[in-house]
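Working notes, beginning with the structure itself.
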Amino acid sequence: MVWEGESGLIQEKFDNRTNRLFILFVLCMTIIFLRVSFLQVLRGRYYYSLSEQNRTYKYIERAPRGIIYDDKGIIICDNKPVVTALFYPFMTSKSEGILEELMRRIEKILPGSKDKILNSVRTSMVVTLKENLTKEETFRILEQQRNLKGISVVTEMKRFYPFGENGSHFLGYIGEISQQELNETKFFGYRQGDRIGKTGIEAQYDSYLKGVDGGLLIESNASGRQTRVVEKIEPVPGDKLLLTIDSELQNLAEFALEETARPGAVVGIDPSNGAVRILVSRPGFDPNNFVTGSPEINGYFTRKTLPMYNRATQAKYPPGSVFKIVTSAAALNENSIDVKQTFNCPGYFTLGRKTFRCWEKKGHGKMSFSPGMINSCDVYFYNAGLKTGIEHIAGYAEKFHLGKPLKIDLPSESAGFIPASKWRKAAFPRGWVNGDTVNVAIGQGYLTVTPLQAAALASAVASRGDIFRPYLVERILDNSGIKVYEHVPMNIGNVDLKDEVWDEMHAALNGVIEQGTGRAAFVEGMKIAGKTGTAQNPHGDDHAWFVAYGPVEKPVLALSVIVENGGHGGSAAAPIARKIFSRLKELKKDNLIN
Amino acid sequence: METTGRQENTFLRQIEHIDWIMVFSVLAMFLLGLLLIYSATLRTGNPLAFILKQGFGVMIGLLALLIATAMDYRLYRQYYTQIYFISIALLLGVLIIGKTYHGTRGWIDFGYFAFQPAELTKIIFILSLAGYLDKFSKELFKWQKLTVPVIMLFSNAALILVQPDFSSTLVYFPVFLGMCYAAGSSAFHLSAIVLFGAVAISFPLAKTLLIAGGEKNFLAGVLSYRWELFVSLAGLGFAIFFLWWFLKRWKIRVPFFYFAVVFIIIAGATGTSYFVGKSIKEYQKKRLVVFLNPNVDALGAGYNIIQSQIAVGSGRVFGKGIFAGTQAQLGFVPAQHTDFIFSLLAEEFGFVLSSFMIILYTLFVWRSFNVARQSREKYGAIVGAGIAIMFAFYGIINMGMVIGLAPITGLPLPFFSYGGSSIVTSLVSVGILFSIYIRRFRY
């Protein structure tokens with residue numbers, strides 16, 4: 001039949017095309033039919049047996065998390081056995097009297113178990129009666145084992161941090177996975193109730209640390225109620241992490257900073273490869289509290305001193321005079337000043353109508369490069385900075401990898417900030433004035449760095465320009481001891497200064513310790529070099545900075561120390577460095593380090 | 001008086017021409033559906049409540065079916081723009097006054113039952129799109145004539161996506177393509193649209209599938225819209241150009257235009273995919289990954305696929321018997337009274353009934369296509385084709401999902417799945433098919 005008011009041609013095309021669509025449909029249905037035949041006829045027996053097995057369910061036994069060691073093999077994050085009492089509803093006889101008797105007995109040992117058992121019998125599910133049994137409770141249950149059928153005592157491994165607060169910031173803590181995290185692709189395959197690392201290494205290396213859960217496979221018979229344990233799958237513990245941290249120096253630094261009773265951070269890096277030896281942020285938190293669920297943790301998130309905040313990698317401070325290292329690198333390498341060139345310091349410096357002060361009110365008199373650095377003379381660096389210009393200073397700061405994250409293997413590292421030219425143009429419509437350059441030259445103004453970046457700066461000076469990506473995990477071994485990961489030092493930047501500039505710089509920074517503002521860090525018998533800094537803080541007392549590295553001949557440690565509101569770097573921060581380097585000297589004497 | 005009498009007579013005479021095969025296949029499907037729903041909801045302890053509610057839907061649906069059959073479908077052609085705007089108004093209305101279930105603002109509540117406008121608008125979409133295609137059928141080979149249909153498609157799809165109801169929008173695309181194709185649009189233009197859509201959607205999914213986190217390699221760069229993407233696009237451009245040049249050398253003349261269009265489409269779609277990627281939710285990406293490899297998460301999201309396949313397979317040839325499917329009755333198969341109802345049928349009645357059901361459904365779709373072929377004029381033919389494609393798509397995707405051949409999309413199986421809106425819409429669609437079919441003769 002021909003369509004009304006149409007030519008037969010259009011209809012023919014329509015018919016052809018709908019026929020094609022229908023054939024496509026039949027093709028799909030044929031595939032579905034074949035697949036159903038395959039599933040039901042060819043593989044029916046297999047799927048039938050699967051559906052029978054399906055009457056099993058799992059009681060999950062969590063795998064112990066991987067153990068974390070320091071660089072000498074000392075355990076800094078462990079698992080502790082915790083005894084838990086479980087009730088299996090299908091192991092007891094269903095008769096009322098026996099269950100009553102069982103509940104009466106267990107109620108005496110573990111009060112509150114009765115309701116849990118009743119609930120368990122009703123739902124046919126295994127319940128935990130009590131976690132963290134005391135020795136006494138455990139013994140009493142074991143004594144009466146014969147009369148307590150269905151109750152079993154199992155040991156589970158719980159996270160334990162032997163050093164408590166020390167190292168808490170790089171270790172992190174663990175907690176139950178949140179609903180939001182479950183939806184993230186990153187946490188694919190995780191289940192509700194899983195415990196995951198929330199910060200620090202626990203979070204960064206969670207996939208290695210978590211291991212594979214095991215458990216009991218419990219089967220029900222045809223009536224669907226009475227069940228028995230068919231299989232016990234042993235959990236596979238997580239991988240072992242071998243860190244670069246030297247826990248002795250770490251603890252030393254923790255206590256030294258704690259003595260100042262102020263917030264702060266200490267970071268120590270091996271200049272030859274970027275291995276992080278010390279990473280302290282104070283105040284810290286005790287990760288054990290997150291395992292036990294102690295009420296103490298509420299304070300961690302509300303206290304004004306921010307104990308959960310990893311100052312070492314997240315906090316940004318103006319670098320203060322520490323930045324004079326960068327300013328002088330730019331000035332000398334670009335030949336903007338000569339090392340012998342002198343500037344007079346009367347205690348202040350005038351630029352137009354503005355006056356900039358030197359920290360030494362009396363003034364330093366005539367200063368050349370070395371004395372300028374040793375005394376940290378601000379006026380000398382005002383002059384040097386102006387001669388060099390902000391473009392060069394910012395450029396060298398970038399070479400020293402300031403203003404961008406170093407990508408240490410920890411979550412949420414801050415970038416810090418250098419006033420690069422693009423930002424300056426946007427932020428200063430009237431233009432960047434010399435006064436801003438003068439401020440940046442001595443590390444004040446818009447500049448900020450993290451303590452980690454300050455340590456990397458010292459490390460770059462120590463290694464004559466090489467910057468390595470800082471890292472904490474040296475090696476990862478799986479449960480059977482096979483190496484699954486090993487860090488390869490990664491050179492992420494190079495500050496190529498002329499040799500004579502490095503020589504001058506090293507000599508001047510050594511002078512800071514021997515006769516300058518950093519005398520408080522002097523260690524008899526070890527040649528170290530460093531620089532103090534005092535970061536102006538509009539909200540209170542100045543922050544005390546100190547960066548150093550040593551021994552100068554063959555540096556093994558580059559250090560940065562910041563003490564919030566500590567005042568002068570030379571008096572508040574340098575003594576902490578002295579303690580660390582003194583210990584390093586002793587260790588070296590005992591040939592404990594090469 | 002006389003006119004109405006004559007019309008009634010006509011209708012009675014027309015009803016004699018009804019497609020009895022279709023009547024019986026539809027009847028068989030929803031009656032079997034009621035039985036399955038009863039079995040599927042035994043576990044809840046109150047299966048009758050479900051049956052009553054579904055029965056209520058069936059009654060409303062049958063009433064609507066009668067009205068739709070009696071109404072002359074050519075009325076829709078006359079008012080196709082108006083009904084298009086009614087559907088848009090419905091979708092806008094539900095966004096304002098709609099009720100939210102499971103995070104989707106897609107229901108209008110009437111107390112005893114809730115109605116889902118998106119179910120109705122897809123029929124209106126078929127009716128109005130057919131109106132346009134019918135009116136411009138002689139010019140459909142021009143690409144300009146596809147702009148209005150594309151706008152109709154995306155206005156509907158966008159309004160449903162903001163509810164957000166990912167699965168209800170799915171059916172629009174095959175229906176759109178099939179109708180335009182049948183009505184005479186150029187296959188090249190339609191392929192271009194498909195290519196654009198495929199690239200725009202697959203791009204963000206590929207990222208989820210191929211790279212886990214912040215990996216740093218070339219592929220990761222391409223999929224993260226970094227510079228590597230521009231390098232690849234430039235490379236693709238060269239490759240396409242080279243292919244054209246190569247074919248030309250071998251005296252195979254394909255106009256350069258086609259190659260240029262393909263390149264522009266891919267480049268444009270990659271750009272669009274950036275926004276698509278931002279609007280797809282994590283769990284939706286996750287579902288696709290699980291579809292491709294259910295064992296990655298056998299106790300979590302991959303559970304549904306694995307359990308439903310076990311259910312189908314374990315039914316074997318004769319089934320475990322009614323109400324005796326362990327997979328279904330012990331609650332291993334999710335949504336077994338709605339989206340996964342086919343797995344229950346396969347488990348309890350075995351291959352005997354599941355193959356019968358596949359044949360029954362195929363028969364029904366065949367009769368629907370037949371309506372399109374038998375229509376006395378073009379509008380009815382296009383509408384018939386649209387409805388047939390809709391049912392075909394639902395059948396393929398739903399059954400494919402249950403046996404692990406298609407991703408889990410949450411599309412129901414028409415006439416079988418529990419759900420009032422779904423059964424009413426299906427029956428209304430059948431009514432429209434009847435309306436076309438019984439008027440196929442000229443008097």
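Throughout, a chain's letter reflects where its sequence line sits, starting with A, and its residues are numbered from 1.
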Taking [atom1] in [X] as the centre, count heavy atoms belonging to other residues, nucleotides or ligands within less than 6.0 Å. Is the count above 12?
X	atom1	answer
A:Arg45	CZ	no
A:Leu34	CG	yes
B:Phe318	CZ	no
B:Lys135	NZ	no

Counting heavy-atom pairs closer than 4.5 Å to chain B, which one of [options] comes out on top?
options	result
A:Ile31, A:Thr18, A:Leu39	A:Leu39
A:Asn16, A:Val26, A:Leu21, A:Leu42	A:Leu21
A:Arg20, A:Arg35, A:Arg43	A:Arg35

A:Phe38 and B:Phe351 aromatic centres sub-6.0 Å
no
Output every pair passing salt bridge (charged side-chain N to carboxylate O under 4.0 Å, His left out) with a member in residues 378-405 of chain B, not counting sequence neighbours, ordered by first then second residue.
A:Glu6-B:Lys378, B:Asp134-B:Lys378
Interchain contact, [X] with chain A, by part (heavy-atom threshold 4.5 Å):
X	result
B:Ile382	both
B:Tyr181	both
B:Phe342	side chain

Name the member of [options] that forms the most heavy-atom pairs with chain A at distances under 4.5 Å.
options	answer
B:Ala388, B:Ala381, B:Ala346	B:Ala381
B:Phe393, B:Tyr361, B:Phe369	B:Phe369
B:Ser354, B:Gly380, B:Ser137, B:Ala311	B:Ser354
B:Arg316, B:Lys320, B:Glu377	B:Arg316

Evaluate side-chain contact (heavy atoms from CB on, under 4.5 Å) for B:Leu433 paired with B:Ser368, printing each intermediate quantity in order.
CA-CA 7 Å; B:Leu433 289 178; B:Ser368 306; 3.6 Å; yes
For the residue pair B:Phe364 and B:Phe391, categorise the inter-ring angle as parallel (less than 30°), tilted (30 to 60°) or perpendicular (more than 60°).
perpendicular
Is it the backbone or the side chain of A:Ile10 that comes under 4.5 Å from a heavy atom of chain B, or both, or neither?
side chain
